[in-house]
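Here's the structure, in structure tokens; my notes come after.
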Amino acid sequence: MDKKTELENLNKKWMEECQCELKKTATQAVPGDGSPEAEIVFIGEAPGRSEDQLGRPFVGAAGKFLEEMLSAIDLKRENIYITNIVKYRPPNNRDPLPEEKSACREWLLEELKIISPKVIVFLGRHAMNNFFPALQISQAHGKLLIKVFKGMSTKYFFPLYHPAAALYDGSMREILMEDFKKIPKIIKEIEKRQA
Ligand code: URA
């Protein structure tokens, strides 16, 4: 089975089986989106209003900024893969609760196993703390993390601030753009280590 079909089957299964309480208030599930063959997977927090309406991740203001950063490093959205730790919109965009994160955790891990990217980029602290609970985003952003997780082939992780945090804050925007521009070098570094 190719990766595209595997992902379609996975999303169909989880949309039926996911026990997340957020299902009751969200319009629809927002599964991951992009190339199943992607070398880079970006993980955000949870869908917002636009994502909830359209059923695709990062299609609002934060998504527009993400696309701007991708284009600064010559990447297109269709060549990467974007997903969230929680697949349903929390009411009024509040932070997802621990039990909501747990309800979608296996869905996310199975997605990552199928794609098996070279690197996973965390967009914000929620995504990072889902894998590295003890880290602070203010310390860890822009630094390559290497860790082997049971059952996961990807061991390289790169935390960034969340694009929404940088939308109305010029200095944060600069930090995020500088960190983002390290991605091509990081991919080369990973390829060298894997050669
Ligand atoms: N913010 C996120 O974390 N995810 C989205 O899909 C949109 C905004």
Side-chain angles (χ1 to χ4, degrees), residues 7-8 10-11 14-15 18 20-23 25-36 38 40-72 75-112 115 117 119-133 135-138 140-142 157-169 172-173 175-177 179-180 183:
L7 280 173
E8 280 166 4
L10 177 81
N11 290 334
W14 275 99
M15 279 184 210
C18 192
C20 185
E21 282 291 308
L22 294 173
K23 249 178 150 169
T25 48
T27 307
Q28 58 186 321
V30 179
D33 175 56
S35 168
I40 312 175
V41 168
F42 289 84
I43 307 180
E45 178 183 332
R49 183 197 295 272
S50 313
E51 290 77 21
D52 178 65
Q53 281 165 0
L54 297 174
R56 276 185 81 200
F58 283 94
V59 288
K64 208 161 154 243
F65 181 37
L66 177 61
E67 285 185 29
E68 204 181 306
M69 291 189 287
L70 285 170
S71 108
L75 276 179
K76 287 203 175 67
R77 198 181 156 117
E78 54 267 33
N79 301 126
I80 53 134
Y81 189 88
I82 311 177
T83 192
N84 282 305
I85 51 172
V86 165
K87 313 296 197 225
Y88 295 90
R89 181 191 183 205
N92 302 314
N93 297 347
R94 64 154 168 75
D95 285 353
L97 302 171
E99 56 270 31
E100 292 159 357
K101 294 179 187 175
S102 316
C104 284
R105 191 172 166 81
E106 203 49 40
W107 187 347
L108 173 67
L109 293 179
E110 288 183 30
E111 249 180 319
L112 297 174
I115 302 168
V119 64
I120 291 172
V121 178
F122 300 127
L123 297 172
R125 67 183 168 92
H126 287 280
M128 181 186 75
N129 289 148
N130 214 32
F131 291 82
F132 296 89
L135 292 186
Q136 300 281 334
I137 193 71
S138 55
H141 74 91
F157 302 87
F158 190 58
L160 298 177
Y161 282 117
H162 194 287
L167 274 181
Y168 308 104
D169 179 334
M172 186 70 103
R173 208 179 159 93
I175 297 171
L176 181 49
M177 192 55 110
D179 285 346
F180 212 92
I183 293 176

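Whatever order the structure lists them in is the order used to number ligands and atoms, beginning at 1. This structure is a prediction, so every number in the text was calculated from the model and none was measured.
Within the 4.0 Å heavy-atom cutoff, H162 counts among the residues contacting ligand 1.
No hydrogens or angles considered: nothing links the side chains of N79 and S35 as a donor-acceptor pair under 3.5 Å.
Under 4.0 angstrom from ligand 1, the non-hydrogen atoms of E45 come from both its backbone and its side chain.
For atom 5 (C) of ligand 1, the candidate residues are P57, G44, A46; the nearest heavy-atom contact is made by A46.
If you number the atoms of ligand 1 from 1 as listed, the ones under 4.0 Å from a heavy atom of N84 come out as 2 (C), 3 (O), 4 (N), 5 (C), 6 (O).
For A62, no nitrogen or oxygen atom sits less than 3.5 Å from a nitrogen or oxygen atom of ligand 1, counting backbone and side chain alike.
Note: Q28 CD to E51 CD = 11.0 Å, rounded to the nearest 0.5 Å.
By the 6.0 Å contact criterion, CD on E99 is enclosed, its count of non-hydrogen atoms from other residues, nucleotides or ligands being greater than 12.
For the pair L123/Y161, no side-chain contact is recorded, criterion being any heavy-atom separation below 4.5 Å from C-beta on.
Residues satisfying the side-chain hydrogen bond (donor to acceptor under 3.5 Å, both in side chains) test with N93, not counting sequence neighbours, are R89.
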